[in-house]
2 protein chains.
Amino acid sequence: MKIGKGVEWAAHACAVLALLPPGAALSRECLADYLGVPPPYLAKQLQALSRAGLVLTQRGAAGGYQLARDAETISLWDITAALEGTAPRFRCTEIRRNGPCGASSAECPAPCDIAAAFQQAESVYRETLAAVPLTQVVAGATAVATDGRKQRIGDWIQQNASGLS
Amino acid sequence: MKIGKGVEWAAHACAVLALLPPGAALSRECLADYLGVPPPYLAKQLQALSRAGLVLTQRGAAGGYQLARDAETISLWDITAALEGTAPRFRCTEIRRNGPCGASSAECPAPCDIAAAFQQAESVYRETLAAVPLTQVVAGATAVATDGRKQRIGDWIQQNASGLS
DNA sequence: TTAATTGCGGATAATATATATCCTAATTAA
DNA sequence: TTAATTAGGATATATATTATCCGCAATTAA
Ligand code: SF4
Ligand code: SF4
């Protein structure tokens with residue numbers, strides 16, 4: 001019943017990509033190094049983000065990843081959905097149809113209150129995450145960073161990003 | 001990333017127990033038969049409910065399970081928490097401390113916006129489930145049942161429950 | 001054209017969790 | 001005492017997560 005840690009990785013990766021100037025890209029090696037996570041597994045998450053259309057990929061020399069849309073339009077739910085999928089997490093196995101007193105089809109016109117409540121709960125969960133755009137994450141992280149660290153991050157980007165104008 | 005199906009089983013089991021007259025109890029064999037699920041595994045869920053204080057158990061001959069409190073005061077969140085635990089499902093591994101531009105301790109006074117958003121999302125999820133008492137589930141199920149089925153359920157309880165006055 | 005770089009996709013292994021079952025001990029009513 | 005019943009632990013199986021690797025396609029620079 002856990003959420004894969006890949007979600008956190010992907011969120012941080014997107015936050016880094018949001019710092020890049022337009023048109024610049026970062027290779028997965030650089031991203032993995034920056035985040036301090038194993039490169040091959042991060043690649044999985046990045047591929048998922050790519051399939052979901054959240055990042056653009058550029059193959060070949062000087063290739064890499066960049067955000068596909070403005071950071072304002074990418075929410076934490078977008079990232080979560082790309083990694084974990086959108087399938088309901090509560091699985092209804094229609095227990096009420098079982099047993100000696102099972103309900104007939106006619107008595108099951110709709111999901112019962114149990115299933116309805118879980119659907120509702122997942123819905124508000126989704127909406128809460130959808131309300132947080134990547135820009136908010138970046139702004140929050142920038143707010144607590146010291147000037148020295150901002151400098152270091154800027155330098156690192158200059159050194160590792162490709163496609164800088 | 002899934003919720004155990006035991007949650008659904010336990011919810012249905014509690015809904016059945018809520019139909020019993022005060023003081024009556026049902027054995028796990030009877031419950032498993034009623035729900036059409038494997039008895040030994042349902043026992044796991046019932047033990048979890050017992051540990052959480054949601055049901056009372058009575059050992060020995062003519063023993064069984066009964067609700068520990070009024071059905072009005074037992075919510076779907078109570079049942080979910082008893083089965084799945086209350087640990088956060090989003091795991092924050094403090095990635096921002098990693099890598100060449102890792103943040104210092106002084107720069108991490110609080111969880112970042114990513115962690116905060118997931119905490120908030122889990123919170124509203126929890127509250128949504130907590131707002132649904134067992135009585136609502138029972139009322140909803142009763143509303144769609146035919147008279148014949150209500151009769152059959154009543155008969156079944158008469159036949160299988162112990163401690164009937 | 002050629003060689004080097006880089007992401008994509010599939011295959012695979014290791015680990016953790018969820019699912020399911022069984023057995024023994026403890027408890028209680030009759 | 002005897003029969004019934006749950007608690008709890010040990011165990012097996014299935015599934016999901018986590019992590020890694022390799023060959024291929026795409027791209028670019030020399
Ligand atoms: S819809 Fe409700 S009653 Fe039917 S199986 Fe799902 S949870 Fe149980
Ligand atoms: S608190 Fe935020 S920044 Fe730190 S590791 Fe968790 S998600 Fe990442």
Side-chain angles (χ1 to χ4, degrees), chain A residues 1-10 13 17 24-33 35-66 68 80 83-85 87 89-91 93 95 160-163, chain B residues 1-10 13 17 23-33 35-66 68 80 82-85 87 89-91 93 160-164:
Chain A
M1 207 260 306
K2 287 175 183 171
I3 289 180
K5 65 174 65 165
V7 173
E8 192 198 350
W9 297 7
L17 293 178
L26 272 176
S27 76
R28 71 176 168 189
E29 296 296 331
C30 291
L31 271 173
D33 178 50
L35 299 178
V37 299
Y41 193 39
L42 179 64
K44 282 282 188 212
Q45 332 297 340
L46 291 171
Q47 282 170 22
L49 292 176
S50 172
R51 272 195 300 278
L54 297 180
V55 301
L56 296 177
T57 64
Q58 180 66 30
R59 289 186 177 182
Y65 297 90
Q66 54 186 301
T80 306
L83 271 287
E84 303 275 322
R89 288 186 294 204
F90 174 80
R91 289 164 294 170
T93 52
I95 278 191
N160 292 97
S162 61
Chain B
M1 199 259 307
K2 287 176 184 171
I3 290 180
K5 65 173 67 165
V7 172
E8 192 198 350
W9 297 6
L17 292 178
L26 272 176
S27 77
R28 69 175 172 189
E29 296 297 332
C30 290
L31 270 173
D33 178 50
L35 299 177
V37 298
Y41 193 39
L42 179 64
K44 283 283 186 211
Q45 331 297 341
L46 291 171
Q47 282 169 22
L49 292 175
S50 172
R51 271 195 303 276
L54 297 181
V55 302
L56 296 177
T57 64
Q58 180 67 29
R59 289 188 178 184
Y65 296 90
Q66 55 185 300
T80 305
L83 272 287
E84 303 277 320
R89 286 183 296 197
F90 175 79
R91 289 164 293 170
T93 53
N160 294 95
S162 61
L164 292 174

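Treat the numbers as computed from the prediction; the structure is a model and nothing was measured. Lettering of chains follows the sequences in order, A, B, ..., and the numbering in each one begins at 1.
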- prompt: What do the steps show when you test B:Arg89 against A:Arg89 for side chain to side chain contact (heavy atoms under 4.5 Å, CB included), and what is the final call?
  reply: CA-CA 12 Å; B:Arg89 286 183 296 197; A:Arg89 288 186 294 204; 4.0 Å; yes
Nucleotide [N], atom [atom2] - distance to [atom1] of [X] in whole Å:
X: B:Leu83; N: C:dT19; atom1: CG; atom2: C1'; answer: 13 Å
X: A:Trp9; N: D:dA19; atom1: CH2; atom2: C1'; answer: 8 Å
X: B:Arg89; N: C:dA18; atom1: CZ; atom2: P; answer: 12 Å
X: A:Lys5; N: C:dA16; atom1: NZ; atom2: P; answer: 10 Å
X: B:Tyr41; N: D:dG8; atom1: OH; atom2: P; answer: 17 Å
X: B:Leu49; N: D:dT6; atom1: CG; atom2: P; answer: 14 Å
X: B:Leu17; N: D:dT6; atom1: CG; atom2: C1'; answer: 14 Å
X: B:Leu31; N: D:dT6; atom1: CG; atom2: C1'; answer: 12 Å

With a 4.5 Å cut-off on side-chain heavy atoms, are [Y] and [X] touching?
X: B:Tyr65; Y: B:Cys30; value: no
X: A:Val55; Y: A:Gln66; value: no
X: B:Leu31; Y: B:Val37; value: no

message: Counting primed atoms plus P, OP1 and OP2 as sugar-phosphate and everything else as base, spell out the protein contacts along nucleotides 4-14 of chain C at 4.0 Å heavy-atom distance: B, S or - for each nucleotide, 5' to 3'.
response: -BBBBBBB---
message: Working to the nearest 0.5 angstrom, can you tell me the gap between A:Lys44 NZ and A:Leu49 CG?
response: 13.5 Å
- prompt: Going from CG on A:Leu46 to CG on A:Leu54, what distance comes out if it is rounded to the nearest 0.5 angstrom?
  reply: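 Going from the CG atom of A:Leu46 to the CG atom of A:Leu54 covers 11.0 Å.
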task: Quick one: label A:Pro40 by what it contacts on the DNA or RNA (base, sugar-phosphate, nothing), any heavy atom closer than 4.0 Å.
output: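 Base contact.
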